[in-house]
Amino acid sequence: MRPASIGLPLLFSSMLSTMASAAPPPAPLVLLDDAPRPGVQILALAPDTTHMLAGESVSADAALRPAFPGSAIELARSKRADGGAALALQWRKIWKSGVALQTTPQDLRPFLAHGTLAFDLKVDALAAGGLVVKVGCGPDCERQVPYVLPGRAAEGKGWQRVVLAMSCFARDGDDFSQVAKPFTLEGTGSGQVSIANVVISPAGKPNTTCPDWRTVAVTPARLDEAWSIDWWLPRHRQKLQDAKRMVAEGHSPQLVFIGDSITQGWEKEGAPVWQTHYARHDALGLGFGGDRTENVLWRLQHGAVDGLDPKVAILMIGTNNTGLRGDFPAITLAGIRRNLGELQQRLPRTRILLVAIFPRDATPDGPLRRINDAINAGLPALADGKRIVFLDVNRAFLAPDGTLSKDIMPDLLHPNEAGYVIWARAMQPELDRLMALPRL
């Protein structure tokens, strides 16, 4: 992924208007139809490998076997009922598969203002999987539109035309002048789909909506990833019941942790540390794996802390805005600010400990580390030092040269038990101070 800009977003509509008036509309860019397209390569994608479709089919199974036994990916040429050409993708128990159409570098800038990406899609099986549509935005850059829920709704309904605005894939600062992968359809989990008639047109009417990248981080939403749909809402409901039970039993939580999978890890790798440090406060963990700022906001607006009156609420959120979507730091900061406002409204007597997003990537110059560092640089401005207190414990995780060890975070993102010991130790002095203060 290309490192994201760390500046405030520019005026996007102005950029599109300028591009629209710079040149006459181009001819449609046909990437896939019934005849082979000159210069278009068809690729099957796996998590760590790419496989060209040269004959009738190509399999990634041999490449998957060492790391993903039991997984499968196959891409094959097929026919529609009318005899037209299509591509069929099947995948099983894998976090990334896909079909990509690769070309010589294309200038897609003239298509951004009013253009569309359109393709025919037939979903044969997707109940255990999900889809994402991607368009390249230059070297080491691509943007995506999730297609999990509409993809599942299309299962068994035959061929359907999907039309997306090209502006769905553009953000300020992206350079679409040299795009070598103008179309990718990725699948996760397990599924079987077919595509045909892929074309990028200079104008058209979209029939499929996409999130607005400027506001998605502050727009309350459930986490509707393919891997989260089955458990996310039931977990939210269970947490509501847990909180009510604790209050009814006279153990109203005095400490609440709110966040993503790193916070949810207190229930797993961090459980022994939790029992040592936080159980005495009747603490409640509200960490949900995969959550971004808008997902925490949805949970807060749907009862997550209603009826509670903790002394301290600990909030750490934003690393999935960085990793899953590549949000600009300013966008993530807006989402965090919105969550802080929601917490202040719903917990008027509670102090909020705003914890810096943990480091990720092995080295300080890692692209995701740099984005998180830029977000963290803006967090002190969201705290007043009284009701909202900012705390950065990240140095405790890092070596003197800024490197992050897999002995602490094996995947360079999630702490193991040793990592949770470090977190608790580094946070404890400030947490003790806040817990001892008189109520607001």
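Below, all heavy atoms of this structure are taken into account, side chains as well, without hydrogens, waters or symmetry copies. Because the structure is a prediction, the values reported are computed rather than measured.
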Are V179 and F169 close enough, and set up right, to give a side chain to side chain contact (heavy atoms under 4.5 Å, CB included), and what steps lead you there? CA-CA 12 Å; V179 176; F169 303 96; over 6 Å; no
If I take atom [atom1] from residue [X] and atom [atom2] from residue [Y], how far apart are they, to the nearest 0.5 angstrom?
X: K134; Y: L45; atom1: NZ; atom2: CG; result: 8.5 Å
X: L354; Y: I336; atom1: CG; atom2: CD1; result: 6.5 Å
X: L413; Y: R369; atom1: CG; atom2: CZ; result: 11.5 Å
X: L53; Y: I42; atom1: CG; atom2: CD1; result: 5.5 Å
X: I258; Y: L300; atom1: CD1; atom2: CG; result: 5.5 Å
X: I375; Y: T332; atom1: CD1; atom2: OG1; result: 4.0 Å

Could you tell me whether the side chain of [X] and the main chain of [Y] form a donor-acceptor pair under 3.5 Å?
X: T293; Y: A217; answer: yes
X: S228; Y: L223; answer: yes
X: T49; Y: A46; answer: no
X: D174; Y: R171; answer: yes
X: H236; Y: W231; answer: no
X: N207; Y: V163; answer: yes
X: S71; Y: K93; answer: yes
X: R387; Y: A383; answer: no
X: S59; Y: D61; answer: yes
X: T219; Y: T215; answer: yes

Is [Y] paired with [X] through a side-chain N to carboxylate O contact shorter than 4.0 Å?
X: K122; Y: D120; answer: no
X: K181; Y: E142; answer: no
X: R109; Y: D107; answer: yes
X: K268; Y: E417; answer: no
X: R346; Y: D306; answer: yes
X: E155; Y: R152; answer: no
X: K239; Y: E267; answer: yes
X: R439; Y: D309; answer: yes
X: E294; Y: R222; answer: no
X: D212; Y: R214; answer: yes

[X] versus [Y], closest heavy-atom pair with distance:
X: R143; Y: C137; result: CG-SG, 3.8 Å
X: P310; Y: L308; result: CD-C, 3.5 Å
X: A44; Y: V58; result: CB-CG1, 3.8 Å
X: G130; Y: L126; result: N-CD1, 3.7 Å
X: D407; Y: A418; result: O-CB, 4.3 Å
X: S97; Y: I73; result: CB-CD1, 3.5 Å

Would you check if the distance from the ring center of Y420 to the ring center of W274 is below 6.0 Å?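 No; W274 has its ring centre 6.0 Å or more from that of Y420.
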Is the distance from the ring center of W298 to that of W232 below 6.0 Å?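 Centroid separation for W298 and W232: below 6.0 Å.
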Taking the side chain as every heavy atom from C-beta outward, state whether [X] and [Y] have any pair of such atoms under 4.5 Å apart.
X: M166; Y: L108; result: yes
X: S194; Y: L89; result: no
X: R349; Y: L347; result: no
X: I314; Y: L431; result: yes
X: D282; Y: L255; result: no
X: R292; Y: L324; result: yes
X: L391; Y: M427; result: yes
X: I388; Y: L340; result: yes

Whether Y278 and W266 hold their rings parallel, tilted or perpendicular, with breakpoints at 30° and 60°: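 Answer is perpendicular, since the angle exceeds 60°.
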With T319 as reference, evaluate D260, D291, N372 under the side-chain hydrogen bond (donor to acceptor under 3.5 Å, both in side chains) test and give the passing residue.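 Only one of D260, D291, N372 forms a side-chain hydrogen bond (donor to acceptor under 3.5 Å, both in side chains) with T319, namely N372.
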Can you check side chain to side chain contact (heavy atoms under 4.5 Å, CB included) on L286 and T263, steps first, answer last? CA-CA 7 Å; L286 297 178; T263 298; over 6 Å; no
Go through F176 and F111 one step at a time and tell me if the side chain to side chain contact (heavy atoms under 4.5 Å, CB included) criterion holds. CA-CA 10 Å; F176 282 82; F111 296 93; over 6 Å; no
Go through the steps for F358 and W423 under the test ring-ring contact (aromatic ring centres under 6.0 Å, His included), then give the verdict. CA-CA 10 Å; F358 284 175; W423 183 4; 4.8 Å; yes
Decide side chain to side chain contact (heavy atoms under 4.5 Å, CB included) for E74 and S57; before the verdict, give the C-alpha distance in whole Å, the side-chain angles of both, and the deciding distance to 0.1 Å. CA-CA 7 Å; E74 182 181 50; S57 66; 4.2 Å; yes
Using the six-membered ring of F288, assess whether NZ or CZ of R235 lies under 6.0 Å from its centre and within 45 degrees of the ring axis.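 Yes, cation above the ring, under 6.0 Å and within 45°.
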Check the pair K386 / D384 against salt bridge (Lys or Arg N to Asp or Glu O under 4.0 Å), numbers first and verdict last. CA-CA 5 Å; K386 297 177 181 179; D384 59 10; over 6 Å; no
Determine whether more than 12 heavy atoms belonging to other residues, nucleotides or ligands lie under 6.0 Å from atom CZ of R433.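 Yes.
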